[in-house]
Structures are given as C-alpha cells and as structure tokens.
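When a ligand or atom number is given, it counts from 1 through the structure's own listing order.
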Amino acid sequence: MASAANAISLSASPRLAASSSSDQLVVRLQSPSSVSFRPRSELKPARLSVASRANRLRICATAAPVMDKAASPKVPTIVDVDLGDRSYPIYIGSNLLDQPELLQRHVHGKRVLIVTNETIAPLYLDKVVHALTVGNPNVSVDHVILPDGEKYKNMDVLTKVFDKAIESRLDRRCTFVALGGGVIGDMCGYAAASYLRGVNFIQIPTTVMSQVDSSVGGKTGINHRLGKNLIGAFYQPQSVLIDTDTLNTLPERELASGFAEVIKYGLIRDAEFFEWQEKNMHALMSRDPAALAYAIKRSCENKAEVVSLDEKESGLRATLNLGHTFGHAIETGFGYGVWLHGEAVAAGIVMAADMSHRLGWIDESIVTRIHNILKQAKLPTAPPETMTVEMFKSVMAVDKKVADGLLRLILLKGPLGNCVFTGDYDRKALEETLHAFCKS
Ligand SMILES: NC(=O)c1ccc[n+]([C@@H]2O[C@H](COP(=O)([O-])OP(=O)(O)OC[C@H]3O[C@@H](n4cnc5c(N)ncnc54)[C@H](O)[C@@H]3O)[C@@H](O)[C@H]2O)c1
Ligand SMILES: [Zn+2]
C-alpha cells in the first residue's frame, strides 16, 4: 500500500504507442513504468518531468516523498507539465499554503485578484491572502467571491470577475488566483484568458476533482444553457498549488465524486494504478493522507503526460473524456448541479463499458471490476431513472466530439488500461446501451 512505496522512483521510459487514423486513435502503454526502491538517504525533493517529442515520451523522476508519512511536510512533490515555454509545475503536499514562497515565486506584477466562492472564502481566503502578502508588502490583493455551484458557472456570474478587475484597475501584469474547486478554476481560468486578452493565473484547487483533473491542462470555460463547457479557451496557469490539507473540509459526496476521475485514469491508460485503487479504495474513502497524496500525484502524472502530448485535444487528450459524453448528457438533461460531475461521469463510465462489452471489445470481467470499484467509492453505476433515450440523444448531438455529424466516443478496447477514441462502431450497440439504461 501507499506507505510501502515511500521511495518510489519512476525510472523507466514508458513507451506510448499512439496510432491515429482520421477518426480513430488507439492508445496503448507498451511497457509500464518500472518501480525501483532507493534508500531514504537518496531522497531528494521529488521532481518528475515529462518531455515529449512527437509520439515519444520521456519521464525523468527522482523520488516521491508524498508517499512518505515520515517525510517533511515542507517538501512538496513536483510534477512538471512540459509545454515548452508554457510549462509549469504542480506542487503537491501537505501544509503548502503555509509556504508563502511557493505562491509568491509565481506572482507576476504587484496586483493579485483571488477568485473564490462563498463556501471556500471563510475557510481559506485569509490564509491565501497571508501567503501572498507576508514579507511581500509591494503586492496588493483584491478578491471576488462568487456564488457557489455549477449552476453559476455561466456568463452572468463570470461578468462579476471582469467587473471587479476593471473597477480595481488591474493592468496586464496582474495575476488571477483561482481558489476553489473545478467550477472556480474553470471560471477564473477563462476570465484570466480573456481579461485584457490574457493575464497570469495560478490554480489553488481545493477538491479532489480539481486536484486530480480540472486544474491541470489548461482547459477553462463556462456552461451554456444548451450544453456544458461550450464556451471556453485553452489557457495554461503559471503553477498549480495542491495543498492536500484542504481536503479535510471537503464533504464526503464531493470526495467520492473526484474519485470518478481517478478511476478513469486507471481505465484508459494505467492498469497498474487501477489495480492499486482496487486495493486502496477503502483508504481513499477514509481520507488516508498517504493514499490521497499518491492518488493525486499519479493522476496528475497521467494527465500531464497526456496534455504534454496533445495540448489542444487533436486526439489523445480526448481519451480523458471516458464516460463524459454520457455523463454530460446526464448533467445537462438532469439539470446542472443536481448530480455532481463525478457522479455523472461514473454512470457514464458504466455506460461506455457496457457499450464496449456489447461491441465485443472488452471482457465481462472488466465490466464487473468497474461496477465493484464504483460501488466501493459510493458512486452511481447507472443514470438517474428519469433520463430517457431521447434526452441522451439530444444532448449528445451537440457534444464537442461530434465531427461531420458523427459522434465519436471513448470506448474501452482490449486488456484493462486500454481505450480507443473512435466514430467507427456499430450504431446498434449505442442504441442497445441507451435502451438498457433508460426506461423509455
Ligand atoms: N477544466 C477541466 O479540464 C475540467 C476537468 C474536470 C472537471 N471540470 C469541471 O469542474 C467542475 C467540477 O469541479 P468540482 O467537482 O471541484 O466542483 P465545485 O467546484 O463545484 O466544488 C464542489 C463543492 O465543494 C465546495 N468546496 C470546494 N473545496 C472545498 C473544501 N476544500 N472544503 C469544503 N468545501 C469545498 C465548493 O464550494 C462546492 O460547493 C465542473 O464544472 C467540471 O466541468 C473541468
Ligand atoms: Zn471530468
């Protein structure tokens, strides 16, 4: 389990085979990372960097003290997202908000705007203001507190950020700081991408969902009445600061919702990680700090690798959307915020697995393992009963993965840890899956 691997060193070069045709991309990890153990004396601040040249992937890593309960909490694990001159570090660890230097080194200019919401502000706003300003009298910090919820991830509420920035006369050298979950991160990122045609921003994600997924990779945006995340931009932060202690205040349902994305990484590209989760889901659900830190780190590594290879989602990055096409239909059809994003994705993963099995692409044992792990994580394994086939179809028709009228899906294919992004599947299987999960 987690603590046994306190000196993991990722020393291998996993070779990633990504072959693509016009509408199909097959992703396979040919040789999993090898793991070697080092004496404690060799441990240095963990640093992993992912470098990519075309389809080749190189990982250089030293140690992973995030797994080491005895390691100094002052030493963050660092996962680098390698995007040339837009590369940035993800700091992961306990107590990081008490290390002002980690934040201050990424602030450009003298003005900061923290974007947060009314739930998170009373918990962490003062702490973040302190971290930004202590020993740094030249920096002045403004904040804007948005209403809390997915239903406020829209243009009207986004305008409040611009209002505050303009009223405060923030110039191009300011820095926006997103303090909160995925909703705040997506909105603040989009505001930063558009304010004065782009200002610096830093992510401080405070939910599992945002720590393992939404804060990494530069996708920002807001919802439209007709669909989720339809308006947005690719815009990378200066840095991501993940203080795992913030998860101590997270409600249990939100915690579980984030695990849907963690499970997703295992299914699409990291069988070893999925197997680790099968053994450690109980520890994750009971917020074991070492297990949480390991799951966050491994998720960020997986996401960083994918984003480094395909920042603008020409193919490979789309595989991160396993379960999301069905899931977005649930979120839109059922009303934003009624089911959490991860809950909808969990049901969507089950539907994608069901369809993959109908196509004869995966064994039934994988379907069973998916059900079991989602149940352990207290996540749904079917869409809400009120969802109809028509509701799915109408929302899926405006999915961003529709190309030339053809809906492309991420489906599982082959042994555990393999998936395809394809429009080349038997339509009958999709119909059958929709009818199997909907009463009408
Ligand atoms: N940009 C991307 O690549 C990407 C990827 C995945 C998800 N997303 C987006 O992320 C959003 C979902 O993110 P989320 O699940 O973090 O939801 P969220 O931002 O709504 O946060 C969930 C709830 O937890 C509260 N909260 C946050 N941190 C807390 C803490 N530490 N303690 C107590 N309460 C806390 C929030 O106020 C909110 O009520 C969706 O809008 C989704 O589209 C984006
Ligand atoms: Zn998601």
Side-chain angles (χ1 to χ4, degrees), residues 81 97 115-125 127-128 145-154 157 178-190 193 203-224 227-237 240 242-265 268 287 292 299-300 303-304 306-307 311 313 317-328 330-332 336-349 400 410:
V81 183
L97 286 177
V115 179
T116 188
N117 75 22
E118 53 205 14
T119 305
I120 299 149
L123 296 169
Y124 302 110
L125 181 57
K127 205 168 186 152
V128 172
I145 298 177
L146 305 180
D148 182 4
E150 180 77 32
K151 67 174 184 287
Y152 299 109
K153 188 178 162 182
N154 60 35
V157 177
L179 172 63
V183 168
I184 288 295
D186 281 13
M187 290 181 82
C188 177
Y190 186 45
Q203 292 264 19
I204 306 180
T206 59
T207 60
V208 175
M209 173 67 64
S210 53
Q211 296 181 351
V212 301
D213 192 348
S214 63
S215 66
V216 179
K219 272 196 190 177
T220 70
I222 54 172
N223 299 328
H224 184 273
K228 236 181 99 63
N229 296 330
L230 290 182
I231 300 158
F234 284 99
Y235 198 66
Q236 302 295 344
V240 180
I242 299 177
D243 187 333
T244 52
D245 294 352
T246 57
L247 298 180
N248 293 336
T249 53
L250 194 67
E252 185 170 339
R253 202 176 147 201
E254 298 292 347
L255 187 84
S257 168
F259 293 148
E261 307 281 4
V262 175
I263 291 166
K264 170 193 83 178
Y265 292 117
I268 60 169
R287 301 179 204 233
L292 279 173
S299 299
C300 287
K303 183 142 186 193
V306 171
V307 169
E311 184 187 4
E313 197 162 318
R317 185 166 179 171
T319 61
L320 295 172
N321 289 321
L322 174 70
H324 283 58
T325 304
F326 296 107
H328 283 177
I330 294 169
E331 287 182 288
T332 310
Y336 294 136
V338 184
W339 266 26
L340 301 179
H341 177 69
E343 293 170 340
V345 167
I349 289 175
K400 287 191 287 285
I410 295 92

The one among Lys219, Glu343, Glu150 that brings a heavy atom closest to atom 40 (C) of ligand 1: Glu150
For ligand 1, note which part of Thr220 has a heavy atom under 4.0 Å away: side chain, backbone, both or neither. neither
Distance filter under 4.0 Å to Lys153 heavy atoms, resulting ligand 1 atoms: 9 (C), 40 (C), 41 (O), 42 (C), 43 (O)
Please indicate whether any nitrogen or oxygen in Arg317 is less than 3.5 Å from any nitrogen or oxygen in ligand 1. no
Beyond-backbone contact of Lys303 with Glu261, side-chain heavy atoms, under 4.5 angstrom: no
Give the residue and atom name of whichever protein heavy atom lies nearest to atom 35 (C) of ligand 1, and the separation in Å to one decimal. Leu250 CD1, 3.7 Å
Enumerate the atoms of ligand 1 whose separation from the nearest heavy atom of Thr119 is less than 4.0 angstrom. 37 (O)
Looking only at protein heavy atoms, which one is nearest to atom 34 (N) of ligand 1, and what is the separation? Pro251 CD, 3.9 Å
Hey, does Gly149 come in under 3.5 Å of ligand 1, counting only N/O atoms on both sides? no
Starting from atom 43 (O) of ligand 1, find the nearest protein heavy-atom neighbour and note its residue, name and distance. Lys228 NZ, 2.7 Å
Would you call the rings of His328 and His341 parallel, tilted or perpendicular if under 30° counts as parallel and over 60° as perpendicular? tilted
For atom 22 (C) of ligand 1, what is the closest protein heavy atom, and at what distance to 0.1 Å? Glu254 OE1, 3.2 Å
Side chains of Phe326 and Ile349: does their closest heavy-atom pair fall under 4.5 Å? no
Nearest-neighbour protein heavy atom for atom 9 (C) of ligand 1, which is reported as residue plus atom name and distance: Asp186 OD2, 3.4 Å
Are more than 12 heavy atoms from other residues, nucleotides or ligands located less than 6.0 Å from atom OH of Tyr235? yes
Proximity flag Lys303 to ligand 1, non-hydrogen atoms under 4.0 Å: yes
Using a 4.0 Å cutoff against the non-hydrogen atoms of Tyr124, which atoms of ligand 1 qualify? 31 (N)
Under the criterion side-chain contact (heavy atoms from CB on, under 4.5 Å), which of Leu320, Thr319, Asn321 is the partner of Arg317? Leu320
Does any part of the side chain of Val81, heavy atoms only, come nearer than 4.5 Å to the side chain of Val216, both counted from C-beta? yes
Electrostatic pair Glu313-Lys219, nearest N-O below 4.0 angstrom: yes
Under a 3.5 Å cutoff, is there a donor and acceptor pairing between the side chains of Thr116 and Tyr124? no
Does Trp339 reach the side chain of Ile330, with side-chain heavy atoms less than 4.5 Å apart? yes
Protein contact to atom 16 (O) of ligand 1 [nearest heavy atom, distance to 0.1 Å]: Thr207 OG1, 2.6 Å
Does the protein put a heavy atom under 4.0 Å from atom 25 (C) of ligand 1? no
At what distance is the nearest protein heavy atom to atom 4 (C) of ligand 1, and which residue and atom is it? Ser214 CB, 3.2 Å
Between Glu331 and His324, is any pair of side-chain heavy atoms under 4.5 Å apart? no
A student comparing Asn248, Thr249, Asn223 should find that the heavy atom closest to atom 30 (C) of ligand 1 comes from Thr249
Separation between CD1 (Ile145) and CG (Leu125), nearest 0.5 Å, reads 5.5 Å
Quick one, Asn229 and Lys153 - any side-chain contact, counting heavy atoms below 4.5 Å? yes
Side-chain contact, heavy-atom cut-off 4.5 Å: Val208 with Glu254? no
Just need the protein heavy atom nearest to atom 17 (O) of ligand 1, so name the residue and atom and give the distance. Gly182 N, 4.1 Å
Row for the Zn ion (ligand 2): angle NE2 (His324) to OE2 (Glu261), 10° precision, value 110°
So if I count the atoms of ligand 1 from 1 in the order they appear, which ones are less than 4.0 Å from some heavy atom of Asp148? 36 (C), 37 (O), 38 (C), 39 (O)
Distance col, row Ile222:CD1 vs Ile231:CD1, nearest 0.5 angstrom, shows 4.5 Å
Ser257 N/O to ligand 1 N/O under 3.5 Å: no
Check whether any side-chain heavy atom of Val128 lies under 4.5 Å from a side-chain heavy atom of Leu97, and answer yes or no. yes
Nitrogen or oxygen atoms of Glu261 and ligand 1 under 3.5 Å apart: no
Contact (N/O only, under 3.5 Å) between Val183 and ligand 1: yes
Would you mind finding which of Asn117, Thr116, Thr206, Asp213 brings a heavy atom closest to atom 6 (C) of ligand 1? Asp213
Relative to the heavy atoms of Thr246, which atoms of ligand 1 are at a distance of less than 4.0 Å? 30 (C), 31 (N)
